[in-house]
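What follows is a single structure, written as C-alpha cells, with notes after it.
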Protein chains: 2
Amino acid sequence: MTHTENTRVAVNGYGVIGKRVAAAVAAQDDMTLAGVADVATDWRVAVARAKGYPLFGATLEHVRAMTEAGLDPAGSLDDLLGAADVVVDCTPKKVAAGNVERYRERGIKFIVQGGEKHAVTGHSFTAENNYDTALGRQSTRVVSCNTTSTVRTLSALKQAGLLKKARGVLIRRATDPWESHLGGIMNTLVPEADIPSHQGPDAQTVDPELDVVTMAVKAPETLSHLHYWTVQLTREASKDEVLGALRASSRIAFIRMADGLVALNSVKELMADLGRPHDNLYEVAVWEDMLTVQGDEAFYAYMVDNQAIVIPETIDAIRALTEIEADGATSIEKTNEALGITGRLVPEPVAA
Amino acid sequence: MTHTENTRVAVNGYGVIGKRVAAAVAAQDDMTLAGVADVATDWRVAVARAKGYPLFGATLEHVRAMTEAGLDPAGSLDDLLGAADVVVDCTPKKVAAGNVERYRERGIKFIVQGGEKHAVTGHSFTAENNYDTALGRQSTRVVSCNTTSTVRTLSALKQAGLLKKARGVLIRRATDPWESHLGGIMNTLVPEADIPSHQGPDAQTVDPELDVVTMAVKAPETLSHLHYWTVQLTREASKDEVLGALRASSRIAFIRMADGLVALNSVKELMADLGRPHDNLYEVAVWEDMLTVQGDEAFYAYMVDNQAIVIPETIDAIRALTEIEADGATSIEKTNEALGITGRLVPEPVAA
C-alpha cells in the first residue's frame with residue numbers, strides 16, 4: 001500500500017490520550033495522520049506542530065488564535081474531518097458527547113474513549129475480544145484503561161477455560177502527571193462510594209458473560225493504576241497453567257519483583273530506559289513471581305498505565321472500522337510491531 | 001478497689017504505641033501507670049515527664065543522660081520492672097526480642113506487640129476472641145493493627161454463622177506521621193512481594209479456623225491502613241444481616257459516605273473534633289453505605305488506625321494476664337467506657 005492510499009486518521013483533542021494516539025498513528029505504515037485538532041495555543045500544540053502534524057483549530061476562533069500565536073494552523077476541525085476517513089475523539093468527556101452528533105451528520109467513522117457511555121456507539125471495543133464485530137461499523141468505543149486491563153486478563157483466563165468469577169480491588173492514580181499542578185489528593189485514600197465500582201459492569205459491555213465485581217479507591221500518586229485480583233477458577237490449577245493462560249495475550253507482560261521491579265516507579269523507569277515515548281506501558285504488567293494459586297483460586301496484581309494501555313486498542317479499532325485489515329490477529333500483530341510490544345519488558349539476557 | 005490496690009503497669013518504650021498505652025492505662029480506674037521507660041531525652045519524654053508519668057532510663061547510662069537533661073528520672077528499667085506487676089513492651093522489634101528474656105528471668109508478666117512472632121509468647125490476643133485463654137498467663141502478644149481488624153471483623157461474621165472465607169487487599173500507610181521526616185514512599189505504590197501477605201496467617205494465630213487470604217500494598221500516605229474485603233458467606237444473606245453481625249462487636253463502628261466521611265482524612269478529622277487523644281480511632285471504621293451484599297458474597301472496606309486500634313486490646317490483655325478481671329466482656333466494657341468507645345463515631349442527632 002502506498003502512502004497516498006493510506007487510511008487518513010484525524011485526532012480530535014491533543015491531550016494525554018490524543019498525543020499518544022497521534023504518535024501511534026504516525027508509527028503505522030497503513031495509516032496517515034491527517035492532523036490533530038485542539039483548542040490550546042500553548043506549548044502543547046507547539047510541540048505537535050514541530051513534529052510536523054497538521055494542526056487544526058477546534059473552531060474558526062481557535063484557528064485565528066493559533067494563527068496569532070504563529071502556529072500556522074491548516075484549518076478548522078471541519079476541514080480536518082473533511083480530509084479524514086476516521087476520527088479518534090480524545091476530547092474531554094462533555095465535549096466528546098457534543099462532537100458525536102457532528103460526526104454522525106458528516107457520516108465520518110469515529111472512535112470515542114472509555115469516558116463515554118456504551119450507548120453512544122452501541123459497541124465497546126477491545127482488540128482481542130471483538131475486533132470482528134467492529135468491522136465496518138461507523139463507530140466504536142475503546143473502553144477505559146481499567147476496563148481494558150480487566151477484560152484482557154479475564155478473557156485470557158476465560159479462553160483457557162479457567163475463569164469462574166473474579167473480584168478486584170482497583171487502586172487508582174489520583175490524577176495525570178501533566179496536570180498534577182491543578183491539584184490532587186494528598187496523604188489520604190479516597191474510596192469510591194459505590195460497590196461495585198463502574199469498571200465491573202463496564203467490562204461486561206465487552207463480554208456480558210464475565211462474572212466480575214470491582215471495588216475502587218483513589219491513591220495519592222500519579223504513575224498508574226494498580227489492580228489486585230482474587231479469581232475463582234473453574235477447577236484446581238497450577239501456577240504454570242494460570243501464567244500460561246495470561247501469556248497467551250500478547251498485551252499482557254510479566255514483570256518480576258526478583259528483577260528489581262518492585263513498585264510502580266521502577267516499572268515506569270524501565271519504560272523510560274527502553275526509550276518508549278512518554279514512558280508508555282502499553283501492556284498489562286502482571287507480577288509473575290507474586291502471582292499465587294491456592295487450590296482453585298488465583299491471586300495476582302498488575303499495573304495499568306492509564307495513559308498508554310488504550311493506545312494499541314485504538315489503533316486496532318481504526319483498522320476494524322475502516323476495514324483496512326479484516327483479521328483482528330493480523331491487526332494486533334501490526335500494532336504490536338509498530339509500538340514495540342513484544343510480550344516481554346525486561347530485555348532477554350544476551351547469550352554468553 | 002482503692003488506688004494502692006491497683007495493678008501496677010510498666011510501659012517499656014514511649015513511641016507511637018507506648019505513649020498511647022500509657023495514656024490509656026492512666027485512664028483506667030483499676031490500673032496505675034508505674035512509669036514509662038525509654039532511651040530518648042528529647043521533647044518526647046519531656047512531655048511524658050510533664051504529664052507526671054514516672055520516667056525511667058532503659059539503662060543506667062540513659063538514666064544519667066536523662067538526669068543531665070533535667071528530666072528527673074525515677075530510676076532505670078530494672079527499677080521500673082521491680083515496681084510493676086506487668087510490663088507492656090512497646091520497644092522496636094529487635095529490642096523487644098532481647099527484653100523478653102529479661103522479663104522471663106524476673107518472672108514479671110509481659111505483653112509484646114504484633115511485630116513479635118507468635119512463638120515469643122505462644123499466645124496471640126484479641127479481647128473478643130480469647131480473653132479467657134490469656135487469663136493468668138505470664139505473657140501474651142497483642143496482634144498487629146492489620147491482624148486485629150481482620151480478626152475483629154471476620155470473627156463477628158463467623159459468630160453470626162455467616163463466614164465461609166475471606167479475601168482481603170490491605171492498603172498500608174507508608175510510615176507513621178511522627179517519623180515521616182525520616183522518609184517514606186512518594187508518588188508510587190509498593191506491593192508486598194508475597195501473596196498471601198503475612199496478615200492472613202497471623203489472624204490464624206488467634207483463630208486457626210479462619211479461611212483468610214490477604215494481599216498487601218504500601219501507599220504514600222501516613223493516616224491509616226485501608227482494607228477491602230470480599231467475603232464468601234455461608235449462604236445468601238441481606239445487607240442488614242451482615243451489618244447486624246458486624247454491629248455485634250463493640251469495637252466495630254460504622255461510618256457513612258453520606259455523612260461526609262468520604263476518605264481517611266475526614267475520619268481522622270472527626271476523631272480530632274471528638275477530642276480524642278492523638279485523634280485515636282480505636283474502632284474498625286466500616287463504611288456502612290458502601291458495604292454491598294450480592295447473593296452469598298459481601299464486599300466492604302474499612303479504615304484501620306495503625307497507631308490506635310491495639311490500645312484497647314492492650315488494656316484488656318493487662319486485665320487478663322493479671323486476672324484483675326475474670327470476665328472478658330466486663331473488661332471490654334470497662335476499657336470502652338474509659339476510652340470513649342461507644343459503638344458510634346458521629347454523635348447522635350439531638351432530639352428536636
Side-chain angles (χ1 to χ4, degrees), chain A residues 165-171 173-174 177 180 184-197 213-232 256-258 261-268 287 289-294 297-303, chain B residues 165-171 173-174 177 180 184-197 213-232 256-258 261-268 287 289-294 297-303:
Chain A
K165 63 182 185 183
R167 305 297 181 242
V169 174
L170 285 42
I171 311 175
R173 63 94 186 84
S180 61
I185 61 169
M186 275 185 66
N187 199 34
T188 190
L189 295 166
V190 185
E192 197 164 299
D194 295 319
I195 297 175
S197 57
V213 175
T214 50
M215 301 186 267
V217 53
K218 200 154 64 172
E221 54 88 12
T222 64
L223 297 184
S224 80
H225 304 311
L226 174 63
H227 292 193
Y228 275 85
W229 287 93
T230 297
V231 175
Q232 176 72 57
R256 303 195 315 151
M257 289 267 166
L261 296 168
V262 296
L264 306 188
N265 57 303
S266 41
V267 178
K268 283 298 276 185
W287 270 282
D289 42 5
M290 203 197 299
L291 185 146
T292 297
V293 179
Q294 285 191 359
E297 289 178 293
F299 304 89
Y300 55 85
Y302 59 73
M303 180 170 163
Chain B
K165 64 182 185 181
R167 305 296 180 245
V169 175
L170 285 44
I171 310 175
R173 64 93 186 84
S180 60
I185 61 168
M186 274 184 67
N187 198 33
T188 190
L189 295 166
V190 185
E192 199 164 298
D194 294 320
I195 298 176
S197 58
V213 174
T214 51
M215 301 185 267
V217 53
K218 199 154 66 171
E221 53 88 13
T222 64
L223 297 184
S224 80
H225 303 311
L226 174 63
H227 291 193
Y228 275 86
W229 287 92
T230 297
V231 175
Q232 176 71 55
R256 304 195 314 150
M257 288 267 166
L261 296 168
V262 296
L264 307 187
N265 56 304
S266 41
V267 178
K268 283 298 276 187
W287 270 281
D289 42 5
M290 203 196 302
L291 185 145
T292 296
V293 180
Q294 285 190 359
E297 289 178 291
F299 304 90
Y300 55 83
Y302 59 71
M303 181 170 160

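Excluded from the calculations below are hydrogen atoms, water molecules and symmetry mates; all remaining heavy atoms, backbone and side chain alike, are included. The structure displayed is predicted, hence computed values, not measured ones.
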Check your understanding: Under a 4.5 Å heavy-atom cut-off, does chain A meet the side chain of B:Ala193, its backbone, both or neither?
Key -> both
Point to revise | Min side-chain heavy-atom separation B:Arg167-A:Glu297 under 4.5 Å | key: yes
Practice item. Go through the atoms of B:Met290 and report whether side chain, backbone, both or neither lie under 4.5 Å from a heavy atom of chain A. Key: both
Practice item. Please round to the nearest 0.5 Å and tell me the distance separating atom CH2 of A:Trp229 and atom OG1 of B:Thr230. Key: 10.0 Å
Check your understanding: Going by heavy atoms in the side chains, are B:Lys268 and A:Thr188 under 4.5 Å from each other?
Key -> no
Exercise for review: Would you give the length of the straight line joining atom CG of B:Asn265 to atom CG of A:Asn187, rounded to the nearest 0.5 angstrom?
Suggested key: 8.5 Å
Point to revise | Donor-acceptor contact present, side-chain A:Thr292 to main-chain B:Ile195, <3.5 Å | key: yes
Point to revise | Part of B:Val262 within contact of chain A (heavy atom distance under 4.5 Å) | key: backbone
Exercise for review: Identify which of B:Ala263, B:Pro177, B:Pro191 forms the greatest number of heavy-atom pairs closer than 4.5 Å to chain A.
Suggested key: B:Pro191
Review point. Do A:Leu189 and B:Ile171 come within less than 4.5 Å of each other through their side chains, counting heavy atoms only?
Key: yes
Review point. Which of the residues A:Ile185, A:Val213, A:Leu291, A:Asp289 is involved in the greatest number of heavy-atom pairs with chain B at under 4.5 angstrom?
Key: A:Val213
Point to revise | Atom group of B:Val217 that falls short of 4.5 Å from chain A, counting heavy atoms | key: both
**Study point:** Contact class of A:Gln294 relative to chain B, heavy atoms under 4.5 angstrom
**Key:** side chain
Practice item. Check whether any side-chain N or O of A:Tyr228 sits under 3.5 Å from a backbone N or O of B:Gly168 as a donor-acceptor pair, and report yes or no. Key: no
Study note, to complete from the structure: B:Tyr300 and A:Met215 have their tightest heavy-atom pair at N-SD, 4.2 Å
